[in-house]
Amino acid sequence: MANALRGLNTYTTAINVANSNITNVNSEGYTRQVAVIQSTGTGSSDVSGVRRVYDSFLAAQIINANQELGKWTAGQECLSGIEEIFTSDDDSTGLDSVMTDFWNSWEDLVGDPSSSTVRSTLAAAARSLADTFNLMSGSLGRMQESIDEEIAATASSINQYLKQIAGLNEQLARAGNSDEAVNTLNDEIDSLVSSLSSLIDISTYENSRGQICVQTTDGHTLVEGGTAWTLSTATNSASGLLDVTLTDGSGTSEVITDDISGGELAGYLEVRDELIPEYQSNLDELANAVITAVNKLHEAGYDLNGDAGAAFFTGTGAGDIAVSSAILDDPGKIAASSDGSAGGSTQAEAIASLQDSCLLDGGKSTCEEYYETLATKIGEKVNSVESNYNVQTEAVEFYESRRESVSGVSLDEEETKLVLYQNAYSASAKLISILDEMLEMVIDM
């Protein structure tokens, strides 16, 4: 009788587990469970536990793939905006176009150095060039500020995940020996960890209490048992941009910006701290080359009144380049002559020839070539990031498919088990019924 009752309990549990699997066949993040049935050695069986069909290697691969995908997702988002800054849909407003207009206006002045109309057109072309440099530089700066907002928002999202994981860890500690409760909690934690890994690079381990602890790959603790550390942002006094800080359980705050290597946070930081400053520096170098070369020749010439030329441009880079206000107010101050004569154009011709002069890359590139190389470099970076994004998307899909093949629920398999368990349950129930009848017969005798 005891063995038959044990059989009823055993297969009741097994049936419940199979039914739970079938019910959750389409539940995202659900891990298939198995009732571990063992022989007691007395002709009966017991359920020694209910375990998750879980592959820790695949889980680690999914985390790694997610954090790489998150990095390239953020990079792709930001770089598409940078590419728009350097590639205008309107050919007439792009930097290469307005720069060509500027040089061509000097050539027009060579042909008619006394014309007020030609001089006004040149002043307007120069102003358009300066405005375009200013706009592009300002757009890069605003993009950094926008990325700062994304970094702060991402840090806040990370904190929410960390808090939830710590809360579930506390529930794990209270779950005791309830395998099914523990399995459900671990499924929820796995789902949170997977989402978290797309935002920041992490690794996980299980402590002695069965709780899931989280660290950055650089070793900074994020979750320890039921305690979650907090990410914050603080303005860097040197750059004016946000640093990422980590506050531990004792309230000590540490800057970890340079230690973040994966997830969307790393993607944002790379674009903000490496790519945008690089492109800004390239743009400044181009603007400075134009300022320096034009001013040098202009200051050596004479304007329409025979007065010595002054600086044509003010500023030192793309952000502050501007046409001299004196020239904008009076284009007659443009120094086209080299000898002070009103009809002279030698100096204007020298400035016009700068279009074909190798002013950059150590005397190897013209302004046009330098800008084309910069635009090409940005385009290649965009293509590289898109390629990495596609590769990592496929990697995530591959590992998740593998996980599903290992941990997912097969209806056919579960229904087959259910039939077997129900038959075993029926056999135990029938045995109990027979034993009851026999007992009644004995009593009646």
Side-chain angles (χ1 to χ4, degrees), residues 17 20-21 24-36 49-73 157-158 160-173 175 178-229 260-266 389 391-410 413-414:
V17 170
S20 178
N21 287 337
N24 289 283
V25 64
N26 293 317
S27 298
E28 185 176 354
Y30 180 80
T31 301
R32 178 165 55 91
Q33 299 183 28
V34 174
V36 182
V50 178
R51 67 176 180 85
R52 300 163 76 217
V53 181
Y54 179 77
D55 189 319
S56 58
F57 173 78
L58 279 177
Q61 294 305 308
I62 290 174
I63 288 175
N64 291 336
N66 268 337
Q67 60 193 28
E68 285 299 306
L69 178 58
K71 178 180 178 179
W72 298 122
T73 299
S157 295
I158 289 170
Q160 291 298 316
Y161 286 125
L162 299 179
K163 183 178 179 180
Q164 291 177 65
I165 292 170
L168 290 172
N169 273 339
E170 290 183 339
Q171 293 183 48
L172 274 175
S178 174
D179 287 345
E180 292 175 78
V182 168
N183 290 341
T184 298
L185 289 170
N186 277 321
D187 279 352
E188 293 181 39
I189 291 174
D190 280 351
S191 180
L192 292 172
V193 166
S194 180
S195 297
L196 175 64
S197 66
S198 70
L199 302 181
I200 189 172
D201 54 296
I202 58 170
S203 60
T204 64
Y205 65 93
E206 187 176 308
N207 67 13
S208 59
R209 302 180 69 186
Q211 297 168 317
I212 305 302
C213 302
V214 184
Q215 294 180 329
T216 67
T217 53
D218 199 56
H220 296 286
T221 299
L222 298 177
V223 175
E224 177 65 51
T227 302
W229 275 238
I260 298 169
S261 61
E264 290 184 15
L265 208 50
Y389 170 83
V391 168
Q392 288 306 133
T393 297
E394 291 177 1
V396 169
E397 290 174 351
F398 171 77
Y399 286 120
E400 287 184 343
S401 176
R402 287 282 306 277
R403 177 196 176 280
E404 184 63 22
S405 68
V406 172
S407 302
V409 176
S410 165
E413 182 179 344
E414 295 303 319

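These numbers come from a predicted model, not from an experiment.
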So, taking the atom named CD in Gln211 and the one named OH in Tyr205, what distance separates them when rounded to the nearest 0.5 Å?
10.0 Å
Between Ser401 (side chain) and Glu397 (backbone), is there a donor-acceptor pair under 3.5 Å?
no
Please find the pair of heavy atoms, one from Leu172 and one from Gly210, that lie closest to each other, and give the distance.
CD1-O, 3.6 Å
Does the side chain of Glu68 come within less than 4.5 Å of Val391's, by heavy atoms?
no
Work out which heavy atom in Val223 is nearest to a heavy atom in Ile212; give both atom names and the distance.
CG1-O, 4.1 Å
Check against side-chain contact (heavy atoms from CB on, under 4.5 Å), Gln164 and Gln160
CA-CA 6 Å; Gln164 291 177 65; Gln160 291 298 316; 4.2 Å; yes
Could you tell me the separation between the CD1 atom of Ile165 and the NZ atom of Lys163, rounded to the nearest 0.5 Å?
13.5 Å
What heavy-atom pair brings Val409 and Glu404 nearest, and what distance separates the two atoms?
N-OE2, 4.1 Å
Test item: Ser194 side-chain N/O and Asp190 main-chain N/O as donor-acceptor pair under 3.5 Å:
no
For side-chain contact (heavy atoms from CB on, under 4.5 Å), just list the numbers for Gln33 and Asp179, CA-CA rounded to whole Å, side-chain angles, deciding distance to a tenth of an Å, and then say yes or no.
CA-CA 10 Å; Gln33 299 183 28; Asp179 287 345; over 6 Å; no
Tell me if a side-chain donor or acceptor on Gln67 pairs with a main-chain N or O of Ile202 at a distance below 3.5 Å.
yes
Provide the closest heavy-atom pair for Trp229 versus Leu162 in the form atom of the first, atom of the second, distance.
O-CD1, 3.6 Å
Drop me the distance from Arg32's CZ to Asn24's CG, to the nearest 0.5 angstrom.
13.5 Å
Work out which heavy atom in Val182 is nearest to a heavy atom in Ala175; give both atom names and the distance.
CG2-CB, 3.7 Å
Derivation of the side chain to side chain donor-acceptor pair (under 3.5 Å) call for Thr31 and Asn183
CA-CA 8 Å; Thr31 301; Asn183 290 341; over 6 Å; no
From CD (Glu264) to NZ (Lys71), nearest 0.5 Å:
13.0 Å
Using a 3.5 Å distance criterion without hydrogens, assess whether the side chain of Ser407 forms a donor-acceptor pair with backbone atoms of Val53.
yes
Passes side-chain contact (heavy atoms from CB on, under 4.5 Å), Leu265 versus Leu199? Steps please.
CA-CA 6 Å; Leu265 208 50; Leu199 302 181; 5.9 Å; no
Test item: Asp201 side-chain N/O and Ser261 main-chain N/O as donor-acceptor pair under 3.5 Å:
yes
Look up atom OG1 in Thr216 and atom CG in Leu222, then write down how far apart they are to the nearest 0.5 Å.
6.0 Å
Atom pair CD1 (Ile158) and OG (Ser195), whose distance is rounded to the nearest 0.5 Å
12.0 Å
